[in-house]
2 protein chains.
Amino acid sequence: MKAQALHGHLDALLLAVLEQGPRHGYAIIEALRARSGGTLDLPTGTIYPALRRLERAGLVASTWSTVNGRERRTYELTEAGGRALVGERAGWREFSATVGRFLGADEPPTAPA
Amino acid sequence: MKAQALHGHLDALLLAVLEQGPRHGYAIIEALRARSGGTLDLPTGTIYPALRRLERAGLVASTWSTVNGRERRTYELTEAGGRALVGERAGWREFSATVGRFLGADEPPTAPA
DNA sequence: GATCGACAAGTAGCGTTGCTACGCATGAAG
DNA sequence: CTTCATGCGTAGCAACGCTACTTGTCGATC
C-alpha cells in the first residue's frame with residue numbers, strides 16, 4: 001500500500017505500538033509489519049526520524065541498552081504520549097468518518113430506495 | 001479538523017464530489033463543507049491547484065462558462081477519473097482498515113445482517 | 001458615486017512529512 | 001574472511017496542502 005498516505009498518522013501509529021510496551025526501533029518496524037498483516041512495511045529512514053521527532057516532542061522517552069554488544073535504543077510512551085494518543089485516536093475517528101462519508105467506506109452513496 | 005491529514009486523499013475526495021455531477025471550484029468547496037458537516041473547510045489555494053493537478057492527470061475535464069459576467073470553470077469527471085475513483089475507494093478501505101487496526105477502531109464495516 | 005462584501009479563479013512561497021539511498025557497527029554463519 | 005541479519009542513524013529529495021496575496025464582477029450599502 002502507498003505508505004505515503006500515512007502522512008500525519010504515522011505518529012499515532014508509533015504511539016499505538018508503544019502503548020503495548022517499550023520497544024526499540026527495529027522491533028517497532030516488525031510490530032507494524034506483523035500487526036498490519038504485512039501491509040505496513042516501513043523503512044528505517046522513516047521510523048527513526050519519526051521516533052526522534054516524538055522524543056523531541058516529549059511523547060516518548062528512550063533509554064540505551066546494550067545487548068550482546070549491540071546498542072539498542074528502547075523507546076517507551078510517556079504520560080504526555082499517552083494523552084496524545086487519546087487525542088490521536090479521536091482525531092483518527094473524525095478523519096476516517098469524514099473521509100468515509102465521501103469515499104463510502106462501507107456504505108456506498110448509492111441512493112437507497 | 002487538521003486538514004493537512006488529508007495528504008494523499010484529497011484527490012479522492014474531489015473525484016467523489018465530482019462523481020455526483022459537474023461543479024465549479026467554488027461549488028466543490030461548498031459541497032465538501034456541506035457534506036462533511038463543516039469539518040472540511042478547504043481554502044481555494046488548496047482546491048484550485050488540486051483540480052489542475054487532476055486535470056493534468058486526465059481525471060477531470062474543465063469547461064469555461066460565463067455566468068452573469070463571472071467566469072466559472074466547471075469540472076467534470078472523465079472516464080479515467082471514474083476508474084481512478086474506484087481504485088481510490090479500494091485504497092481508502094485498505095488504508096482505513098490498516099490504520100484502524102492500530103488506532104482502535106471504530107469498526108462498523110463488518111455489519112453483516 | 002464609492003466602497004464593501006460575496007462570488008470566482010488563480011499563483012508564489014513555505015513547512016511538514018515520509019521516502020530513497022547511504023553509512024557505520026556488531027555478531028553469527030558460511 | 002566474507003556475507004548476512006540485526007540495529008541505529010543522517011542527508012537530500014519530492015509530494016502535498018496551507019497561508020497570503022492578486023485579479024475581477026456583481027449587488028448592496030453608505
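Remember, predicted model here, so these are calculated numbers, not experimental data. Chain letters run A, B, ... following the sequence lines, proteins first, then strands; residues in each count from 1. Only heavy atoms go into these numbers, but all of them, side chains included; no hydrogens, no water, no symmetry mates.
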Engineer: Could you say whether A:Val67 or A:Asp11 is positioned toward the 5' end of DNA chain C, judged by the nucleotide with the nearest heavy atom to each?
Structural biologist: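 On the 5' side of the pair lies A:Asp11.
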Engineer: May I ask you to decide if A:Gly58's main-chain N or O and A:Thr78's side chain share a donor-acceptor pair within less than 3.5 Å?
Structural biologist: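 Flag set: sc A:Thr78 to bb A:Gly58 pair under 3.5 Å.
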Engineer: Measure from CG on A:Leu6 to C1' on D:dA15 and round the result to the nearest Å.
Structural biologist: 14 Å
Engineer: Does any N or O in the side chain of B:Arg101 come within less than 3.5 Å of the main-chain N or O of A:Arg35, such that one atom is a donor and the other an acceptor?
Structural biologist: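 Between the backbone of A:Arg35 and the side chain of B:Arg101 there is a qualifying donor-acceptor contact (under 3.5 Å).
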Engineer: To the nearest Å, give me how far apart CG (A:Leu42) and P (C:dT17) are.
Structural biologist: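 Those two atoms, CG and P, are 16 Å apart.
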Engineer: Specify the residue among A:Glu30 and B:Leu10 whose closest nucleotide of DNA chain D lies further upstream toward the 5′ end.
Structural biologist: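 With A:Glu30 and B:Leu10 compared, the 5'-side residue is A:Glu30.
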Engineer: Quick one: A:Asp41 CG to C:dT20 P, roughly how many Å, whole number?
Structural biologist: 10 Å
Engineer: How many whole angstroms separate atom OH of A:Tyr26 from atom C1' of D:dG9?
Structural biologist: 14 Å
Engineer: A:Tyr75 OH to D:dG7 P: how many Å, rounded?
Structural biologist: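 The answer, rounded to whole Å, is 14 Å.
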Engineer: Would you say A:Arg23's side chain and A:Leu18's backbone share a donor-acceptor pair under 3.5 angstrom?
Structural biologist: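 Between the backbone of A:Leu18 and the side chain of A:Arg23 there is no qualifying donor-acceptor contact (under 3.5 Å).
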Engineer: From C:dT16, D:dG17, D:dC8, pick the nucleotide closest to the side chain of A:His7?
Structural biologist: C:dT16
Engineer: Using atom types as modelled and distance alone, determine if a side-chain donor or acceptor of A:Thr46 lies under 3.5 Å from a backbone N or O of A:Leu42.
Structural biologist: no
Engineer: In whole Å, what is the span from the CD1 atom of B:Ile28 to the C1' atom of C:dG10?
Structural biologist: 14 Å
Engineer: Does any N or O donor sit under 3.5 Å from an N or O acceptor when you compare the side chain of A:Thr44 with the base of D:dG7?
Structural biologist: no
Engineer: So, taking the atom named CZ in B:Arg56 and the one named CG in B:Leu51, what distance separates them when rounded to the nearest 0.5 Å?
Structural biologist: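 Nearest 0.5 Å value for the CZ-CG distance: 11.5 Å.
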Engineer: So which nucleotide from C:dA9, D:dG24, D:dC8 ends up closest to the side chain of B:His24?
Structural biologist: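 Nearest listed nucleotide: C:dA9.
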Engineer: Between A:Arg33 (CZ) and D:dA5 (P), how many Å, whole number?
Structural biologist: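 About 12 Å, once rounded to whole Å.
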Engineer: Which is true for A:Gly25 with a 4.0 Å heavy-atom rule: it touches a base, it touches only sugar-phosphate, or it touches nothing?
Structural biologist: sugar-phosphate
Engineer: If you check the B:Arg70 side chain, which of C:dC7, D:dT19, C:dG10 turns out closest?
Structural biologist: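 Side chain of B:Arg70 sits closest to C:dC7.
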Engineer: So, for B:Phe95 and A:Trp92, is the gap between ring centers shorter than 6.0 Å?
Structural biologist: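 Yes, the ring of B:Phe95 comes within the 6.0 Å limit of the ring of A:Trp92, centre to centre.
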Engineer: Quick one, which residues of residues 46-66 of chain A touch DNA chain C with a heavy atom under 4.0 Å?
Structural biologist: A:Thr46, A:Arg53
Engineer: Looking at B:Arg72, I'd like to know whether one of its side-chain N or O atoms comes within less than 4.0 Å of OP1 or OP2 on C:dA8.
Structural biologist: yes
Engineer: Please report the interatomic distance CZ(B:Phe102) to CG(A:Leu10), rounded to the nearest 0.5 Å.
Structural biologist: 11.0 Å
Engineer: How close or far is atom P of C:dA9 from atom CZ of B:Arg23, stated in whole angstroms?
Structural biologist: 13 Å
